[in-house]
Amino acid sequence: MRGIRQVALGMAFSFFVLSLGLVYWQVVKADTLLNNPANRRMILMENRVTRGGIFDRNGEVIAKTQLLNGKKVRVYSNGEMYEPALGYSTVKLGASGLEGSLADWMLGLKKANPTQSVQQLFALPRTGDDVVLTLDSRLQRLAYNALKGKMGAVVAIDPRTGEVLALVSQPSFDPTDLDQNWNEIVNREIERPLEQRYASLYPPGSTMKVVTSAAVLRSGVNTTDLYECRGSTIINGQVIREQNDKAHGWVNYNMALAESCNTYFATFGVQAGSEKFLSAVKGFGFGQPIPFELNVPTSSVTKAAKIPTTLNTNLLAASTFGQGEILVTPFHMALITAGIANQGVIMAPHLVDRVLDPSQNVIFEQKPKPWLTALSKTEAEQITSAMVTAVTDGTAAPGALSNVQVAGKTGSAEPGGDVPTHAWYIAFAPAEKPRIAIAVMVENGGTGGGTAAPIARQIIQEALIRK
């Protein structure tokens with residue numbers, strides 16, 4: 001009898017543990033599981049739920065569900081110019097991008113109203129919520145067309161609010177009839193159309209000098225003092241060269257940034273020391289996850305995931321002008337630029353502006369909030385002044401506009417190997433009262449001024465023509 005009781009107790013205990021597990025996964029973690037893009041249950045739910053639409057800030061349709069021949073079909077009128085950020089949702093492939101991350105809104109699961117709750121409880125047909133994004137289709141289209149035929153990314157942000165105005169990755173793909181076209185898309189291995197290049201890590205090249213500037217300014221360097229650039233210098237046995245070995249002659253801080261003088265930033269960056277440099281990069285968000293609706297990899301200073309406590313002299317010198325082991329995403333570079341534009345405060349970036357229920361009542365509205373304070377107001381003004389000089393008298397001149405003052409910085413980043421440099425350009429405008437900050441990166445595009453700046457100029461001009 002004793003043995004039977006022990007077996008019975010064991011079975012009862014096992015049943016109790018199993019019940020707890022079921023309660024945990026079915027109740028406590030239900031929303032987490034449901035929101036996981038890998039969960040087909042949410043996608044299958046669309047048999048009875050009409051997924052809400054996705055719209056740009058001006059009401060232009062990005063994605064909507066229509067009934068065609070008695071079957072619900074997801075329609076993307078200009079889907080290719082929003083991919084891969086827009087993503088997809090199919091039973092066969094699962095979900096990705098905004099179609100995946102915003103599914104809880106579009107299926108009426110998040111903040112469901114009483115009617116939606118009853119419909120969900122009894123598995124009744126219903127309509128989800130519409131999502132209005134911060135994206136501006138005019139700027140998105142312009143950036144998409146400007147990058148066509150290239151591999152790269154464009155990110156435009158309102159520095160005052162953190163609203164993402166354009167988010168482009170090229171090459172992209174058409175999400176229409178994706179199940180049938182999937183193999184063809186995946187087999188475009190050279191183009192890599194599924195890669196979110198705005199969220200891919202690249203060496204930033206000389207655009208990193210705006211971050212290094214914070215360390216240099218905090219070290220007490222007099223920005224009016226002159227430094228003689230001879231085309232190269234030696235730091236701790238390491239030769240630091242200018243692009244094309246160009247000697248810039250006597251330069252102060254403003255002209256060093258304007259002419260993109262590597263030796264100036266390496267010399268004074270090393271003089272400032274790794275503690276101040278690492279403090280500056282942390283202040284700009286390196287080593288930290290970016291709060292955003294889409295996943296953006298963390299920018300790094302070394303091959304280690306965390307920001308180190310110190311850097312050796314040679315790595316510090318190379319890092320000051322964006323080489324060494326530094327990797328950053330174009331998205332993060334746009335945030336850094338926006339922070340300088342916003343007097344040192346980086347606003348939390350966001351893509352969702354508001355959510356509307358089926359009766360078009362606003363049930364969620366995004367409120368701008370700060371993410372990081374990277375600079376003091378004085379430091380931001382000093383870096384802005386140098387970026388203005390870069391546009392008026394330096395390498396960033398191809399990004400200039402005749403009727404508005406632009407603050408910009410070029411970058412030509414060496415990716416390693418015998419290939420052309422990645423072309424970078426960051427800018428904001430108007431310099432005195434910024435309304436748009438932008439980062440453009442073209443893979444193996446050559447010089448930032450020659451390839452990336454003209455793209456940025458077009459987008460800035462369009463953004464400022466119409467509010």
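Here the side chains of Val164 and Phe331 are in contact, with some heavy-atom distance below 4.5 Å. Met208 places none of its side-chain heavy atoms less than 4.5 Å from the side chain of Met333. Annotation: side chain of Pro330 is in contact with side chain of Tyr202 (closest heavy-atom distance under 4.5 Å). Contact of the Leu98 side chain with the Leu294 side chain is registered, since non-hydrogen atoms from C-beta on lie closer than 4.5 Å. Side-chain contact check for Tyr88 versus Trp182: some heavy-atom pair is nearer than 4.5 Å. A heavy-atom distance below 4.5 Å is found between the side chains of Phe292 and Leu351. Val154 is listed as a side-chain neighbour of Ile459, based on a closest heavy-atom distance under 4.5 Å. You'll find the side chain of Ile455 reaches within 4.5 Å of the side chain of Val442, heavy atoms only.
For residues 321-344, the side chain to side chain donor-acceptor pair (under 3.5 Å) pairs, not counting sequence neighbours, are Ser299-His332. Within the structure, salt bridge (charged side-chain N to carboxylate O under 4.0 Å, His left out) pairs that include any residue of residues 183-205 comprise Arg188-Glu191, Arg192-Glu195, Arg192-Glu443, Arg197-Glu443 (at least two apart or interchain).
When all heavy atoms of Gly399 and Val406 are compared, the pair lying nearest together is O-CG2, 3.9 Å. Across all their heavy atoms, Met347 and Leu335 have their closest contact at O-CD2, 4.1 Å. Summarising the geometry of Leu372 relative to Gly283, their closest heavy-atom pair is CD1-O, 3.6 Å, with the distance given to 0.1 Å. Residues Gly79 and Pro175 come closest through the heavy atom pair C-CD, 3.8 Å. Residue Ala423 comes nearest to Ala452 through the heavy atom pair O-CB, 3.9 Å, listed as atom of the first residue, atom of the second, then distance. Between Ile346 and Ala374, the shortest heavy-atom distance links the atoms CD1-CB, 4.2 Å.
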Inset, instruction - List the steps, then state whether side chain to side chain donor-acceptor pair (under 3.5 Å) holds for Ser300 with Lys306. - result: CA-CA 7 Å; Ser300 58; Lys306 293 184 179 179; over 6 Å; no
Inset, instruction - Could you walk me through whether Phe428 and Thr384 pass side-chain contact (heavy atoms from CB on, under 4.5 Å), step by step? - result: CA-CA 9 Å; Phe428 57 86; Thr384 296; 3.4 Å; yes
Legend entry - Asp177 and Asn181: CA distance, side-chain angles, deciding distance, side chain to side chain donor-acceptor pair (under 3.5 Å) verdict: CA-CA 6 Å; Asp177 298 323; Asn181 299 328; 5.1 Å; no
Inset, instruction - Carefully, step by step, assess Val131 and Leu133 under the rule side-chain contact (heavy atoms from CB on, under 4.5 Å). - result: CA-CA 6 Å; Val131 178; Leu133 303 180; 3.8 Å; yes
Inset, instruction - Begin from the C-alpha positions of Phe286 and Ile326 and carry the test side-chain contact (heavy atoms from CB on, under 4.5 Å) through to its verdict. - result: CA-CA 10 Å; Phe286 281 74; Ile326 287 194; 4.2 Å; yes
Inset, instruction - Step by step, work out the side-chain contact (heavy atoms from CB on, under 4.5 Å) result for Val419 and Glu414. - result: CA-CA 8 Å; Val419 294; Glu414 297 176 6; over 6 Å; no
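With hydrogens and angles disregarded, no donor-acceptor distance shorter than 3.5 Å links the side chain of Asp158 to the backbone of Gly162. At distances below 3.5 Å, not a single donor-acceptor pair connects side-chain atoms of Lys282 with backbone N or O atoms of Gln288. Although no hydrogens or angles enter the test, the distance criterion places a donor-acceptor pair under 3.5 Å between the side chain of Asn187 and the main chain of Asn183. Between the Glu293 side chain and the Leu102 main chain, no donor and acceptor come within less than 3.5 Å of each other. Here the side chain of Asn78 pairs no donor or acceptor atom with the backbone of Met81 at under 3.5 angstrom. Listed for the Gln405 side chain is no donor-acceptor partner under 3.5 Å among the backbone atoms of Glu432. Judged by distance alone, the side chain of Glu242 and the main-chain N or O of Asn262 form a donor-acceptor pair under 3.5 Å. A donor-acceptor contact shorter than 3.5 Å links the side chain of Asp136 to the backbone of Arg138. Checking side-chain atoms of Asp357 against main-chain N and O of Ser359 turns up a donor-acceptor pair under 3.5 Å. Proximity of a side-chain donor or acceptor of Ser172 to a complementary backbone N or O of Pro84 within less than 3.5 Å is not detected.
Under the 6.0 Å cut-off for aromatic ring centres, Phe284 and Trp371 do not qualify, their centroids lying 6.0 Å or more apart.
For the 3.5 Å distance criterion, the side chains of Ser89 and Arg74 fail to qualify, holding no donor opposite an acceptor. If you check the side chains of Ser206 and Lys209, you find a donor sitting under 3.5 Å from an acceptor. Side chain to side chain, Thr395 and Thr410 meet the donor-acceptor criterion of an N or O pair below 3.5 Å. A donor atom on one side chain and an acceptor atom on the other are found under 3.5 Å apart for Glu99 and Tyr76. Under the 3.5 Å distance criterion, with hydrogens and angles disregarded, a donor-acceptor pair is assigned to the side chains of Thr90 and Asp179. A donor-acceptor contact closer than 3.5 angstrom is absent between the side chains of Tyr425 and Thr451.
The only member of Leu135, Val352, Ile62, Val61 that meets side-chain contact (heavy atoms from CB on, under 4.5 Å) when paired with Ile54 is Ile62.
Separation of atoms CZ (Phe277) and CG (Leu315) is listed at 8.5 Å; rounding is to 0.5 Å. Between atom OG of residue Ser385 and atom CG of residue Leu257 there is a gap of 9.5 Å, rounded to the nearest 0.5 Å. Here the CG-CZ distance, from Asp130 to Arg354, works out to 10.5 Å after rounding to the nearest 0.5 Å. One distance of note links CD1 of Ile438 with CD of Gln458; it measures 10.0 Å at 0.5 Å rounding. The OG atom of Ser137 sits 5.5 Å away from atom CG of Asn58, with the distance rounded to the nearest 0.5 Å. With rounding to the nearest 0.5 Å, the separation of CZ in Phe321 from OH in Tyr264 is 15.5 Å.
A salt bridge links Arg141 with Glu60: the distance from a Lys NZ or Arg NE/NH1/NH2 to an Asp or Glu carboxylate oxygen falls below 4.0 Å. Remark: Glu163 engages Arg57 in a salt bridge, criterion side-chain N to carboxylate O under 4.0 Å.
Residue-environment remark: CG (Leu68) exceeds the threshold of 12 foreign heavy atoms within 6.0 Å.
Taking the six-membered ring for Trp and thresholds of 30 and 60 degrees, Phe364 and Trp105 have ring planes inclined between 30 and 60 degrees apart.
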